[in-house]
Amino acid sequence: MQQQPLVTVFIPMYNAEAHIRKTLDSILNQTYTNLEVLIVDDGSSDRSVEIVGNYTDDRIRLIRNDGNKGIPFTRNVGLTHAKGKYLAIMDADDESFPERIDKQVAYMEIRPDIDVTGSYYEKTGGGSSHTVKAEHILWQEIRIQVLFSNRFCNSTALIRMDTVKEHGLTYNEDYYIAQDYEFWAQLSKVGRIEILPEVLVEYHTGHSNVTNYSLSKKMHERKTLIDGIHRDLLDHYGFGLTKEEVDVFNNFFFLNVVTVFDEAYVSRIKAVLKKLLDTNEVFDRERFEAVMRTNVLKGMSNSKISLQQKLGLFFDLFREISSEEMFHVLSRHYYKKLKAFL
């Protein structure tokens, strides 16, 4: 029987006493056995460290930061100390289904061209749960998707560590929020990310954790950081947008920023999106247009935009950038989706 490659399951932890036991049990009970569980505690003041210390499984390794250093610093500690061929990310309040690691490693072993795999996930919180399925799962599509937004669930990631080491990839410690998005954006430039189309993780929301704490900070600071990710990617792929055009792009794809959505602004949006299509020399045009359409629909979920404006922008835009025959097909297909965002 072929030896299983070592997988480091990395769990950054901060004041996670309410959840860490279930999270850790979900990893220790994986069908895949050649694991090390690397827990990096970021200065917890609750019983998190005590709970981890009560486990006797010798696969567990606990590292403690000298005080609270923040999540990007803590994630970099994990990258530095991981020993495995693969790194599985597991946030301290989520749970992995028993065959998660088995299935992801099996896929990565037969696809050496893939550098990261994620999966669908079950989103649970507030007394309800639902399955979240990615709209784009192939690496060619995900590389385009990160231009617009991050749809990749961190706790589903399995990373090929040779790729991280070869390119010196780290988490940007200036990104106290959205550091995962920035990391995937940088990795997508040099590697390939795919998503397995099955639910392998239970992702918990609605409680006090690092993510919710970060999201509570000033929205304009969050937007500034995400704008920087977009600007970097747009420049990297040579779209040649002006500063004003990048601002239009960022405002449209960061929901509920625009308060005046008049005819002139709609014209600027259409001009920017058309320029993206016309200057694209990197991505397959058909894939690029398809990914753009799904993100335009999300951009139009802005609550400041009236129904009339949404319909007008949608039909005007895709009549302009698609063939007449394609326009009629898309209109029928996407009208139902558009209604769901209203």
Side-chain angles (χ1 to χ4, degrees), residues 135-136 141-151 178 181 185 219-342:
E135 294 167 313
H136 310 294
E141 301 165 340
I142 293 174
R143 184 171 285 181
I144 299 167
Q145 175 61 49
V146 294
L147 281 167
F148 300 96
S149 66
N150 180 31
R151 303 281 180 225
Y181 185 7
M219 187 60 72
H220 77 271
E221 294 178 356
R222 175 177 171 78
K223 183 178 184 302
T224 297
L225 294 173
I226 292 176
D227 285 358
I229 296 171
H230 292 166
R231 189 178 304 109
D232 174 67
L233 289 171
L234 290 166
D235 288 345
H236 176 77
Y237 291 117
F239 287 102
L241 298 188
T242 66
K243 182 182 182 304
E244 181 184 3
E245 289 169 336
V246 171
D247 288 343
V248 171
F249 177 96
N250 281 328
N251 289 339
F252 181 67
F253 290 109
F254 194 92
L255 302 185
N256 298 318
V257 170
V258 181
T259 56
V260 178
F261 208 87
D262 56 18
E263 184 176 343
Y265 187 74
V266 171
S267 295
R268 289 198 293 273
I269 292 170
K270 289 195 294 185
V272 168
L273 297 179
K274 188 173 188 304
K275 184 173 181 178
L276 288 175
L277 287 171
D278 291 343
T279 58
N280 167 40
E281 296 182 351
V282 176
F283 306 109
D284 174 82
R285 181 181 175 88
E286 185 176 341
R287 288 185 192 273
F288 188 72
E289 187 173 326
V291 174
M292 179 187 286
R293 282 194 294 269
T294 63
N295 284 278
V296 168
L297 286 172
K298 284 185 169 57
M300 288 190 295
S301 67
N302 188 321
S303 62
K304 307 296 182 183
I305 309 173
S306 70
L307 172 60
Q308 182 178 359
Q309 288 171 322
K310 289 176 181 178
L311 292 172
L313 173 60
F314 178 74
F315 289 117
D316 285 353
L317 176 64
F318 291 115
R319 186 189 301 276
E320 183 174 334
I321 67 176
S322 305
S323 67
E324 195 68 22
E325 179 182 357
M326 190 66 170
F327 165 73
H328 292 297
V329 173
L330 294 174
S331 298
R332 290 193 300 271
H333 179 67
Y334 280 96
Y335 180 70
K336 291 181 180 179
K337 287 191 175 183
L338 178 58
K339 287 180 67 177
F341 287 102
L342 306 178

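Because the structure is a prediction, the values reported are computed rather than measured.
Remark: Q145 CD to R151 CZ distance equals 5.5 Å, nearest 0.5 Å. In this structure, CG in L276 is found 6.5 Å from CG in L234, a value given to the nearest 0.5 Å. Note that CD1 of I226 and CG of N250 are 9.5 Å apart. Values are rounded to the nearest 0.5 Å. Note that CD1 of I229 is 14.5 Å distant from CZ of F148, once rounded to the nearest 0.5 Å. Distance check: R293 CZ to E289 CD gives 4.5 Å after rounding to the nearest 0.5 Å.
In terms of heavy-atom proximity, F239 sits nearest to K275 at O-CE, 4.1 Å. Shortest non-hydrogen contact noted between N295 and F253 is O-CE2, 3.4 Å. Listed here is the closest heavy atom pair of L147 and F288: CD1-CE1, 3.9 Å. For the residue pair L233 and V146, the shortest heavy atom distance occurs at CD1-O, 3.3 Å.
R268 places none of its side-chain heavy atoms less than 4.5 Å from the side chain of E245.
Ion pairing between D235 and R231 fails under the 4.0 Å rule for side-chain N and carboxylate O.
For R287, the salt bridge (Lys or Arg N to Asp or Glu O under 4.0 Å) partners two or more places apart in sequence, or in a different chain, are E141.
A centroid separation of less than 6.0 Å is found between the aromatic rings of H230 and F249.
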